[in-house]
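The sequence lines fix the lettering, A, B, ..., with proteins before strands; numbering per chain opens at 1. Every heavy atom of this structure was used, including side-chain atoms; hydrogens, water molecules and symmetry mates were not.
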Amino acid sequence: MPGKILCVAEKPSIAKAVAGHLSGGQYQTANTGSTYIKNYSFTFDFGPPWGNCNAVMTCVSGHLTKLDFGPEFNDWNYPPPEKLFDGPVHVTIDEDNKAVSTNIERLARGSRALFIWTDCDREGEYIGSEVRQEALKGNNRLEIKRARFSNIERAHVIRAAKHPIDLDERQVDAVAVRIELDLRIGYAFTRFQTTTLRALGGPLGDATISYGSCQFPTLGFVVDRYFRVKSFVPEPFWGIRVTHKRDDINVVFTWARNRLFDRATVIILFERCIAAKTARVTKVQEKPTSKWKPLPLTTVELQKVASRLLRMTSQQAMTIAESLYNKGFISYPRTETDRFDKGMNLMALVEKQTQDNRWGAFAQNLVNGAFKQPREGRHDDKAHPPIHPIAYCAPTGLRPEEGRLYEFITRRFLACCSEDAKGQATDIELEYGDEIFHTRGVIVLERNYLNVYPYENWTNSTMLPNFMLGERLEPTEAMITDGQTCAPGYLTEPDLIALMDANGIGTDATMAEHIAKVKGRNYVFTRPRAGGGGGRSRGFNDGEGEGAEAPTGREARGGRGGRRGGAGGGRGSEGGTGGVEEFIPSTLGVALVEGYDRMGLETSLSKPFLRKELEQRLKAICEGRVSRGEVMRESVRQYKSVFLESKERVELLKAVRQLSLCLFLFCYVSWPGHRVCGTVN
DNA sequence: GCAAGGTC
């Protein structure tokens with residue numbers, strides 16, 4: 001044999017799966033000093049120039065190293081926190097990673113080459129560089145390669161093993177910058193905020209007032225919505241509604257202009273309608289319509305749905321998903337990908353579900369020919385497939401909440417593999433005076449995926465009577481309706497996740513942690529949404545793969561007669577009712593955000609802009625447009641200047657002895673009409 | 001005692 005090849009994956013599941021494929025199942029397993037990690041030995045023909053080689057496959061467990069300040073920075077007061085922006089930092093290996101790194105170092109000694117099998121995302125590239133570092137300690141003549149793979153299908157993995165590439169140093173650099181900046185900025189501001197606040201005594205005497213580049217924007221979203229709700233001023237609007245009774249059916253026609261905010265105009269337009277006496281049918285159109293099946297499941301979507309329909313917090317959902325993953329029932333639960341790789345054998349996965357007594361018959365029907373390739377979303381992290389069941393699990397084998405999540409994931413998967421729901425829509429348009437009105441009737445013809453996916457629904461609208469194109473009719477009733485815009489609701493967890501996602505705050509794996517963090521720090525709290533919750537249409541994008549902008553502005557609620565036209569046509573209603581938790585900032589949370597916002601909104605630490613800018617700079621590093629050093633210097637300069645300005649303000653306030661007037665940090669002036677919300681303890 | 005990112 002021409003020499004041994006050492007393969008290292010990012011986590012045990014990948015090591016095992018890859019070893020299985022490359023060895024054809026013929027491998028020897030050896031324990032290591034780490035409980036979770038095993039070494040798999042086998043032979044494999046890596047192709048030229050390697051040929052048939054002995055190989056050992058092992059792994060790490062996420063990041064191997066840690067960045068930290070030395071003991072000279074242990075004291076929070078001295079050296080002063082601004083020194084954390086340029087003080088020396090060191091790479092260390094945690095105690096629980098010692099065994100992992102010595103395993104790699106030892107295996108590297110007898111190897112000719114290292115093949116890195118970490119996930120093909122930015123963090124994975126960096127973890128690959130950590131592995132390289134350790135391996136080179138054992139053998140500095142080691143040749144370093146990297147396997148490029150986006151799923152663990154057999155053929156794909158074998159191809160990756162035979163066509164390795166090099167580590168992408170730019171991605172490694174980008175992550176190195178992220179790690180160092182998060183550390184410096186997080187520590188500096190956390191120490192500054194905490195020590196400043198504690199000096200004030202009171203109820204916050206021993207609280208930790210942490211700052212983080214993700215937790216603060218998360219808090220910022222909650223505060224922002226809070227003020228939008230509090231400062232909302234309803235605006236009245238008016239509309240026109242026409243009804244016509246035929247064959248004992250009351251058909252409601254809605255106004256093409258929907259509503260106007262000027263009453264006099266509406267009255268004039270309405271009078272022209274009345275003056276016309278009759279309306280003319282200008283369009284009668286029947287056409288097929290469909291309700292699209294859902295997209296393949298991503299982590300963000302899983303978290304949103306879990307809190308909306310399954311009554312779990314996003315963090316609970318992730319914990320449960322991880323346990324299902326570790327038991328081998330579902331695929332890797334942290335993914336941004338909403339399209340299945342063409343090569344994946346989805347039918348085999350569907351087949352495994354045929355034995356279930358809830359959805360087995362549906363799955364069998366797919367196997368028998370009803371199977372349809374899933375829709376393809378626009379996201380692909382090139383590292384993991386969408387979340388899907390990989391083994392069947394009977395409900396008795398799971399805890400109740402695991403069962404509910406497994407059921408959702410499975411039904412979602414089966415829905416993806418079936419046909420859109422089909423219906424027939426009838427659109428009728430009236431011209432009345434100078435105004436246009438329409439109505440729509442929908443008949444659901446085939447429910448298809450809806451039969452396995454009870455989380456969505458689609459129902460027939462009221463049956464429409466026949467109308468003839470060109471006919472004139474006298475409306476049974478025409479009236480002016482009125483209503484007023486109503487305040488948006490406080491943020492819910494799905495809203496918050498959507499905002500974080502849209503603004504690049506955190507990753508699929510960490511968003512739930514940031515939300516838990518701002519709760520744990522008493523920056524925000526949740527409470528059940530008051531007032532039943534049923535009446536308000538949130539207009540929330542249901543994850544159809546479009547941009548995930550969460551609802552922000554005002555929404556209208558009709559007053560008398562202000563209902564939207566035609567029940568069918570669009571999206572159906574969702575199954576979840578009531579029990580929605582809403583996010584409210586605490587006094588402390590508001591004070592923190594206000595304090596930083598007062599220094600300028602574009603650079604406020606509570607806003608997502610700085611983090612977004614950093615993300616763009618990291619991307620620039622990955623594209624080779626700028627160096628790691630330049631980004632590091634510029635970002636440190638930027639954050640340090642915000643830091644020094646904050647510090648100056650505090651000093652100023654101390655000097656003029658106004659501290660008793662300011663809640664903390666900077667001058668927090670009471671918002672007009674703003675009642676301090678919640679308590680800190 | 002502080003971050004965010006991996007992962008068990």
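Nearest-nucleotide assignment on DNA chain B puts the 5′-proximal partner with Met511(A), out of Asp96(A) and Met511(A). Checking Asp508(A) against Gly212(A), the closest nucleotide of DNA chain B that is more toward the 5' end is the one next to Gly212(A).
Between Thr510(A) and dG5(B) there is a side-chain N or O to OP1 or OP2 distance below 4.0 Å. For the pair Arg334(A) and dT7(B), the criterion of a side-chain N or O lying under 4.0 Å from OP1 or OP2 is met. The shortest distance between the side-chain N/O atoms of Gln193(A) and the OP1/OP2 oxygens of dC2(B) is not below 4.0 Å. Within the structure, every side-chain polar atom (N or O) of Thr194(A) is placed at least 4.0 Å from both OP1 and OP2 of dG1(B). Contact between the side-chain N/O atoms of Arg521(A) and the OP1/OP2 oxygens of dG1(B) is not found at any separation under 4.0 Å.
Taking atom OH of residue Tyr325(A) and atom P of nucleotide dT7(B), one finds them 8 Å apart after rounding to whole Å. Between Glu513(A) atom CD and dT7(B) atom P there is a gap of 11 Å when expressed in whole angstrom units. The interatomic distance linking Ile209(A) (CD1) with dA3(B) (P) rounds to 12 Å, in whole Å. Distance, Asp94(A) CG to dT7(B) P: 16 Å, rounded to whole Å. The distance between atom CZ of Arg191(A) and atom P of dA3(B), rounded to the nearest whole Å, is 11 Å. Per the geometry, CG belonging to Asn326(A) stands 9 Å off C1' belonging to dT7(B), to the nearest Å. Spacing between atom CD of Glu95(A) and atom P of dT7(B) amounts to 22 Å, rounded to whole angstrom units. Residue Met318(A) contributes atom CE, which lies 10 Å from atom P of dT7(B) at whole-angstrom precision.
Using a 4.0 Å heavy-atom distance criterion, Phe189(A) is classed as making no nucleic acid contact. Contact annotation for Thr507(A): backbone-only contact, meaning every heavy-atom pair under 4.0 Å involves sugar-phosphate atoms and none involves a base. Contacts of Glu322(A) with the nucleic acid, taken as non-hydrogen atoms under 4.0 Å apart, are absent. As judged by a 4.0 angstrom heavy-atom cut-off over every strand, Arg178(A) is placed among the base-contacting residues.
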Which atom pairs, donor and acceptor, lie under 3.5 Å between side-chain atoms of residues 204-213 of chain A and protein residues at least two apart or in another chain?
from: Ser210(A); atom 1: OG; to: Gln215(A); atom 2: OE1; distance (Å): 2.6
from: Ser210(A); atom 1: OG; to: Arg521(A); atom 2: NE; distance (Å): 2.7
from: Ser213(A); atom 1: OG; to: Asp182(A); atom 2: OD1; distance (Å): 2.9
from: Ser213(A); atom 1: OG; to: Arg611(A); atom 2: NH1; distance (Å): 2.6

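Crowding of Lys327(A) atom NZ: a count of heavy atoms from other residues, nucleotides or ligands under 6.0 Å exceeding 12.
Aromatic ring centres of His90(A) and Phe69(A): separated by at least 6.0 Å. Aromatic ring centres of His384(A) and Tyr332(A) lie closer together than 6.0 Å. Between Tyr27(A) and Tyr40(A), the ring center distance clears the sub-6.0 Å criterion.
In this structure, Glu630(A) does not pair ionically with Arg617(A), as no charged nitrogen and carboxylate oxygen lie closer than 4.0 Å.
Residues that satisfy the ring pair (Phe, Tyr, Trp, His ring centres under 6.0 Å) test with Phe643(A), not counting sequence neighbours, are Phe85(A), Phe189(A), Phe192(A). In this structure, the side chain to side chain contact (heavy atoms under 4.5 Å, CB included) partners of Asn103(A), at least two apart in sequence or on a different chain, are Thr32(A), Ile37(A), Asn39(A), Thr58(A), Arg106(A), Leu107(A). Not counting sequence neighbours, the partners of Lys640(A) by the salt bridge (Lys or Arg N to Asp or Glu O under 4.0 Å) test are Asp86(A).
Contact check of residues 116-137 of chain A against DNA chain B (heavy atom, cut-off under 4.0 Å) returns Asp119(A), Glu123(A). Contacts between residues 63-86 of chain A and DNA chain B, counted as heavy-atom distances below 4.0 Å, involve His63(A), Lys66(A), Leu67(A), Trp76(A).
Closest to the Asp182(A) side chain, of the nucleotides dG5(B), dA3(B), dT7(B), is dA3(B). Nearest to the side-chain atoms of His514(A) among the listed nucleotides dT7(B), dA4(B), dA3(B) stands dA4(B).
Put simply, the side chain of Leu183(A) reaches to within 4.5 Å of the side chain of Val89(A), judged on heavy atoms. The shortest side-chain heavy-atom distance between Trp117(A) and Val8(A) does not fall under the 4.5 Å cut-off.
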